[in-house]
Undergrad: 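Below are the structure tokens for one structure; questions will follow.
This chain uses plain numbering: 1 for the first residue, then up along the sequence. Nothing here was measured: the structure is a model prediction, and the numbers come from that model.
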Amino acid sequence: MAKRTTRASSSTSQTDTVTIHDQQLHRGAGGELHQIAEDVHDVLTTSQGGPVADDQNSLRVGARGPLLIDDFHFREKIFHFDHERIPERVVHARGYGAHGFFETYDSLSDVTRADIFQRAGEKTPVFVRFSTVAGNKGSADLARDVRGFAVKFYTQEGNWDLVGNNIPVFFIQDAIKFPDMVHAAKQEPDRAFPQAQTAHDNFWDFISLTPESMHMVMWIMSDRTIPRSFRFMEGFGVHTFRFVNEKDESTFVKFHWKPKLGLQSVAWNEAVKINGADPDFHRRDLWQSIQSGNFPEWELCVQLFDQEFADNFDFDVLDPTKIIPEEILPVKPIGRLLLDRMPDNFFAETEQVAFMTQNVPPGIDFSNDPLLQGRNFSYLDTQLKRLGGPNFTHLPINAPKCPFHNFQQDGHMAMRNPVGRVNYQPNSFGEGPRESPARGYRHFPAEENGQKVRLRPESFADHYSQARQFFLSQTPPEQRHIAMALTFELSKVETAAIRERMISHLLNIDDTLATTVAQKLGIQKMPKAADAAMPTRQDLEPSPALSIVERGPKRFEGRKLGILVADGVDAKLLEALTAAVKKEKAIFEIIAPKVGGVTSSDGSWIEAHHMIDGGPSVLFDAVAILTSHQAIDDLVKEATARDFVADAFQHCKFIGYDQSALPLLDKAGISGALDEGTLLLSNNKDVASFFEELGKLRVWGREPSLKLGKASPPVA
């Protein structure tokens, strides 16, 4: 029989104790009960497995202030209660995921109490989902678009979702504009097109009226939005977060994913053709890489800084449209991510996985970034809509892998419920989990004060300086590509006033860029520069870390060589070439006139991966053409064979060829333009020289002389 409860008045001091069913509890100043002997019960957790420090009080500004929307425990608790009685993502609909692990390099206990960062060498299971943003589920992989890079860590203290992108900044500064930005970017509502592209009036109308988007515009018009592979792109947490240690001391942190194989993108003309040849290009690349044992890998790096750095930095660290250049604050590697297993079922895992920015373990906290605060509020509603009810955490892909205990019950498709009589706390039966002030999540006790207002801080007002810094940090080919992308996108805008308004913004970024785009659009009279809340700074140093070319891998590892062959191909030369590919830890695929294959010079049969029609050169990072004198006459009659060579040359790829292939190069129109990127292969020494060059990946010096490069004159 339960012992009688001693009721304390509202004025009871914090040291008063209460006995309930042999449990010694102390009552806080606000009347809350805290367990004294914490080892008696399981620790109360959220549905994500995160331990709860206080289940009696919601998070607020001061003792009598308003509640805060980043109180994720209250939000989850009341959300689940609201839905105890009993579709495609709006954004990031097209995604692809994989399982793997995260390995911590060294203990970070000095800056964070997060369990995942306490022990060197510890491996934590993860699930990663890559995605495009604007397109629907059935859109193509190589659309010009931001890529989602979302990582779910199944830590020992609950799930941590680092929900990021492959670009470190965003279009908007406040989450209240997110619906407008997405509506403008998606297909126009009256006609339901264009699909998976921003080259239309609505998007550029919104952007041209939103100066805060100009930094993001430089990123999305760069080659960052047409990555060659998920394996070759960076990821970013975008926002400023906090690390909090056992002493409740805060360190600001920005998260960066760095690909082991380096950065690489494709050319726009190439992306268009890849979407036609293989709309699942990125999916197939990740699948084949993992299935073949070439596991993709990234390093998790952080930028750590204190309040003094934040106060003295040129821009507000709470502004999601700004970065901290790595030359100013270097990144520190703290662990590695490796993907080694594909899902057993795409729908059950990749489609049903639910990421939420508010899923953080003790030791990781939020800053007051207004976009992050809004995301924390929004994602729970998103999962309810998509997955049909509050029990989406019961799905295996979303369930924590650590012990978790709470009183949430019932609701649509409940697969587990609390066992026993008691489904609430505190209770006098001594049953169920209790909160743990020691182990539970503690928000950093930041001091907040001020009026309730709707405004942007003045420190958010510089919209052009970092956009200019990004553009000037690019190499000449990358600057050309930005100009070409802006020209193409704005050429699809039918409203002349929108095109001119964008030129007025570009004038605040770079005069040459604005003039180049305006000339290609046929704008007769240059508009005046857009009014700027703050003048563009001219003193920001270029940041080479922002360039894909400057950060390139300088090696061919992980890339793919396409080898076009014909009957009678030199068996020894082909063997030397494929051996060099394997030594480089790269991949090769054979393309032949017929998918069955060809007979080599020594009579052996060479299996083909593609016939020419189904294996265009856009699918490969470099190509080699090994034919024979008896087969070349038939090959030059094949239009697809000529396109194979012409496209590779146009896309600035390295081309290796044997002597017999010269007539094909001539028919493709490049025999008179052979350059340092077209190499004759006659023997093993030539093959070795070819692979020494392949690490450069592209011959960008070729581009200005090509029709591809003439889409706009060089900017730099």
Undergrad: Output side-chain donor-acceptor pairs under 3.5 Å for residues 567-575, partner residues at least two apart or in another chain, one line each.
TA:
from   : atom 1 : to     : atom 2 : distance (Å)
Asp567 : OD1    : Thr599 : N      : 2.9
Asp570 : OD1    : Lys572 : N      : 3.0
Asp570 : OD1    : Leu573 : N      : 3.1

Undergrad: Only counting residues at least two apart or in another chain, list the ones meeting salt bridge (charged side-chain N to carboxylate O under 4.0 Å, His left out) with Lys696.
TA: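 Testing Lys696 for salt bridge (charged side-chain N to carboxylate O under 4.0 Å, His left out), a comparison that skips the adjacent residues, returns Glu693.
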Undergrad: Out of curiosity, Phe102 CZ to Leu337 CG, how far, rounded to the nearest 0.5 Å?
TA: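 Reported value, rounded in 0.5 Å steps: 8.0 Å.
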Undergrad: Do Val272 and Leu142 have side chains that get closer than 4.5 Å, going by heavy atoms?
TA: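 Not touching, per the 4.5 Å side-chain cut-off.
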Undergrad: Below 4.5 Å, heavy atoms only, C-beta onward: do Val169 and Phe470 meet side chain to side chain?
TA: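 Not touching, per the 4.5 Å side-chain cut-off.
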Undergrad: Tell me, please, which residues at least two apart from Phe236 pass ring pair (Phe, Tyr, Trp, His ring centres under 6.0 Å).
TA: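 His256.
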Undergrad: State, with a plain yes or no, whether a side-chain heavy atom of Glu234 is found less than 4.5 Å away from one of Arg551.
TA: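 Glu234 reaches Arg551 side chain to side chain.
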Undergrad: Between Arg129 (side chain) and Thr350 (backbone), is there a donor-acceptor pair under 3.5 Å?
TA: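 It does hold such a pair.
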Undergrad: Could you note down all residue pairs passing side-chain hydrogen bond (donor to acceptor under 3.5 Å, both in side chains) where residues 578-595 supplies at least one of them, sequence neighbours left out?
TA: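 Passing the test, one end in residues 578-595: Lys560-Glu589, Glu589-His610.
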Undergrad: Does Arg228 have any salt bridge (charged side-chain N to carboxylate O under 4.0 Å, His left out) partners at least two apart in sequence or in another chain, and if so, which?
TA: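 Residues passing salt bridge (charged side-chain N to carboxylate O under 4.0 Å, His left out) with Arg228: Asp285, Asp621.
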Undergrad: Centroid separation under 6.0 Å, is that true for the rings of Phe130 and Phe149?
TA: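 Yes.
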Undergrad: For the residue pair Asn136 and Lys186, confirm or rule out a side-chain donor-acceptor distance under 3.5 Å.
TA: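 Per modelled atom types, Asn136 and Lys186 side chains form a pair under 3.5 Å.
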Undergrad: Do Ser660 and Thr627 meet the criterion of a side-chain donor-acceptor pair at a distance under 3.5 Å?
TA: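 Yes, because at least one side-chain N or O of Ser660 sits under 3.5 Å from a partner of the opposite role on Thr627.
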Undergrad: Can a donor-acceptor pair be found between the side chains of Glu489 and Trp204 at a distance below 3.5 Å?
TA: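 Present: a donor and an acceptor within the cut-off.
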Undergrad: Please examine the side chains of Phe153 and Asp161, heavy atoms only from C-beta on, and report whether any two atoms are closer than 4.5 Å.
TA: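 No - every pair of side-chain heavy atoms lies 4.5 Å or more apart.
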Undergrad: When you compare the side chain of Arg386 with that of Pro87, does any pair of heavy atoms fall below 4.5 Å?
TA: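 They are in contact (side-chain heavy atoms under 4.5 Å apart), so the answer is yes.
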Undergrad: Taking the side chain as C-beta and beyond, is there a heavy-atom pair between Pro168 and Val238 under 4.5 Å?
TA: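 Pro168 vs Val238: side chains apart.
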Undergrad: Going by the side chain to side chain contact (heavy atoms under 4.5 Å, CB included) test, name the single residue among Glu188, Gln187, Lys492 that passes it with His200.
TA: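 Filter result, single survivor: Glu188.
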Undergrad: Show every side-chain hydrogen bond (donor to acceptor under 3.5 Å, both in side chains) that has at least one partner inside residues 88-102, sequence neighbours left out.
TA: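 side-chain hydrogen bond (donor to acceptor under 3.5 Å, both in side chains) check on residues 88-102 returns His92-Ser131, Arg94-Asp141, Arg94-Asp280, His99-Arg341, His99-Glu349.
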Undergrad: Could you list the residues that satisfy side chain to side chain donor-acceptor pair (under 3.5 Å) with Asp643, not counting sequence neighbours?
TA: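 Partners of Asp643 by the side chain to side chain donor-acceptor pair (under 3.5 Å) criterion come out as none, since no residue qualifies.
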Undergrad: Can you check side chain to side chain contact (heavy atoms under 4.5 Å, CB included) on Arg336 and Leu300, steps first, answer last?
TA: CA-CA 6 Å; Arg336 71 183 183 112; Leu300 179 59; over 6 Å; no
Undergrad: What's the separation between atom CD in Gln630 and atom CG in Leu635, rounded to the nearest 0.5 Å?
TA: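 Gln630 CD to Leu635 CG: 12.0 Å, rounded to 0.5 Å.
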Undergrad: State which residues pass side-chain contact (heavy atoms from CB on, under 4.5 Å) with Gln291; sequence neighbours excluded, sorted by chain then number.
TA: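 Listed in chain order: Trp287, Met342.
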Undergrad: With no hydrogens and no angle check, just 3.5 Å: does a side-chain donor-acceptor pair link Gln264 and Ser229?
TA: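 Judged by distance alone, the side chains do not pair up.
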Undergrad: Among His651, Gln650, Arg698, His481, which residue satisfies the side chain to side chain donor-acceptor pair (under 3.5 Å) criterion with Glu703?
TA: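 Looking at His651, Gln650, Arg698, His481, the match for Glu703 under the side chain to side chain donor-acceptor pair (under 3.5 Å) is His481.
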Undergrad: Regarding Lys152 and the six-membered ring of Phe127, is the cationic atom NZ or CZ under 6.0 Å from the ring centre and inside 45° of its axis?
TA: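 No; the conditions do not both hold, so Lys152 does not lie above the ring face of Phe127.
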Undergrad: Using modelled atom types only, decide if a donor and an acceptor are shared between the side chain of Glu638 and the backbone of Asp634 within a distance under 3.5 Å.
TA: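 Side chain of Glu638 to backbone of Asp634, a donor-acceptor pair under 3.5 Å: no, none is there.
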Undergrad: Taking Gln383 for its side chain and Phe355 for its backbone only, find out whether a donor-acceptor pair lies under 3.5 Å.
TA: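 Yes; judged by distance alone, with no hydrogens or angles, the pair exists.
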Undergrad: Calculate, to the nearest 0.5 Å, the distance between atoms CZ and CG belonging to Phe644 and Asp613 respectively.
TA: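 Interatomic distance, Phe644 CZ to Asp613 CG, rounded to 0.5 Å: 12.0 Å.
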Undergrad: Taking the side chain as every heavy atom from C-beta outward, state whether Val146 and Met216 have any atom pair closer than 4.5 Å.
TA: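 Yes, side chains in contact.
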Undergrad: Are any side-chain N or O atoms of Asn294 and backbone N or O atoms of Ser289, one a donor and one an acceptor, separated by less than 3.5 Å?
TA: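 Checking the backbone N and O of Ser289 against the side chain of Asn294, no donor-acceptor pair under 3.5 Å is found.
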Undergrad: Answer with yes or no whether the side chains of Ser671 and Asp666 bring together a donor and an acceptor at under 3.5 Å.
TA: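 Per modelled atom types, Asp666 and Ser671 side chains form a pair under 3.5 Å.
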Undergrad: Are the aromatic ring centres of Phe255 and Trp160 under 6.0 angstrom apart?
TA: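 Yes, the ring of Phe255 comes within the 6.0 Å limit of the ring of Trp160, centre to centre.
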Undergrad: Any cation-pi pair here, Arg144 with Trp268, using under 6.0 Å and within 45°?
TA: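 Pair Arg144/Trp268 counts as cation-pi.
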Undergrad: Report the distance from atom OG of Ser543 to atom CD1 of Ile323, rounding to the nearest 0.5 Å.
TA: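 Reported value, rounded in 0.5 Å steps: 5.5 Å.
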Undergrad: Going by ring pair (Phe, Tyr, Trp, His ring centres under 6.0 Å), name the residues that satisfy it together with Tyr657, two or more places apart in sequence or in a different chain.
TA: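 Partners of Tyr657 under the ring pair (Phe, Tyr, Trp, His ring centres under 6.0 Å) test: none.
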Undergrad: For atom NZ of Lys258, is the number of surrounding heavy atoms from other residues, nucleotides or ligands below 6.0 Å larger than 12?
TA: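 Yes, because the 6.0 Å sphere around NZ of Lys258 holds more than 12 heavy atoms from other groups.
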Undergrad: Is the charged tip of Arg559 near the ring of Phe620: under 6.0 Å from the six-membered ring centre and within 45° of its axis?
TA: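 Output no; distance or angle outside limits.
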Undergrad: Which pairs pass salt bridge (charged side-chain N to carboxylate O under 4.0 Å, His left out) with one or both residues in residues 645-654, sequence neighbours excluded?
TA: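 Sorted pair list: Glu270-Lys653, Lys273-Asp647.
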Undergrad: Scan side-chain atoms only and decide if Ser689 and Glu692 contain a donor-acceptor pair under the 3.5 Å cut-off.
TA: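 No.
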Undergrad: Are any side-chain N or O atoms of Asp278 and backbone N or O atoms of Ile274, one a donor and one an acceptor, separated by less than 3.5 Å?
TA: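 No, the answer is negative, given that no donor and acceptor are paired below the 3.5 Å cut-off.
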Undergrad: Between Glu478 and Ser547, is the side-chain hydrogen bond (donor to acceptor under 3.5 Å, both in side chains) condition met? List the steps.
TA: CA-CA 8 Å; Glu478 292 170 302; Ser547 164; 2.6 Å; yes
Undergrad: Between the main-chain N or O of Ile116 and the side-chain N or O of Thr104, is there a donor-acceptor pair closer than 3.5 Å?
TA: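 Side chain of Thr104 to backbone of Ile116: a pair is present.
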Undergrad: Please round to the nearest 0.5 Å and tell me the distance separating atom CD1 of Ile167 and atom OG1 of Thr225.
TA: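 It is 6.0 Å, given to the nearest 0.5 Å.
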Undergrad: So, does Ser473 use its side chain to make a donor-acceptor pair with the main chain of Pro542 at under 3.5 Å?
TA: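 Here the side-chain-to-backbone pair does not exist.
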Undergrad: Quick check against the 3.5 Å criterion: does Asn275 have a side-chain atom that pairs as donor or acceptor with the backbone of Ala140?
TA: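 Answer holds: no.
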Undergrad: Is there a donor-acceptor pair under 3.5 Å between the side chain of Asp658 and the backbone N or O of Leu626?
TA: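 Not a single qualifying donor-acceptor pair exists.
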Undergrad: For Ser600 and Ser604, indicate whether the former's side chain and the latter's backbone hold a donor-acceptor pair under 3.5 Å.
TA: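 Checking the backbone N and O of Ser604 against the side chain of Ser600, a donor-acceptor pair under 3.5 Å is found.
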Undergrad: Do Met218 and Leu486 have side-chain heavy atoms sitting under 4.5 Å apart?
TA: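 With C-beta onward as the side chain, the pair touches.
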Undergrad: Just verifying a value: how many Å separate Gln479 CD and Leu513 CG, rounded to the nearest 0.5 Å?
TA: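 Spacing of CD (Gln479) from CG (Leu513) equals 8.5 Å.
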Undergrad: My understanding is that only residues two or more places apart in sequence, or in another chain, count here; which of them pass side chain to side chain donor-acceptor pair (under 3.5 Å) with Lys260?
TA: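 Residues passing side chain to side chain donor-acceptor pair (under 3.5 Å) with Lys260: none at all.
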Undergrad: Partners of Arg702 by salt bridge (charged side-chain N to carboxylate O under 4.0 Å, His left out), sequence neighbours excluded?
TA: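 Listed in chain order: Asp675.
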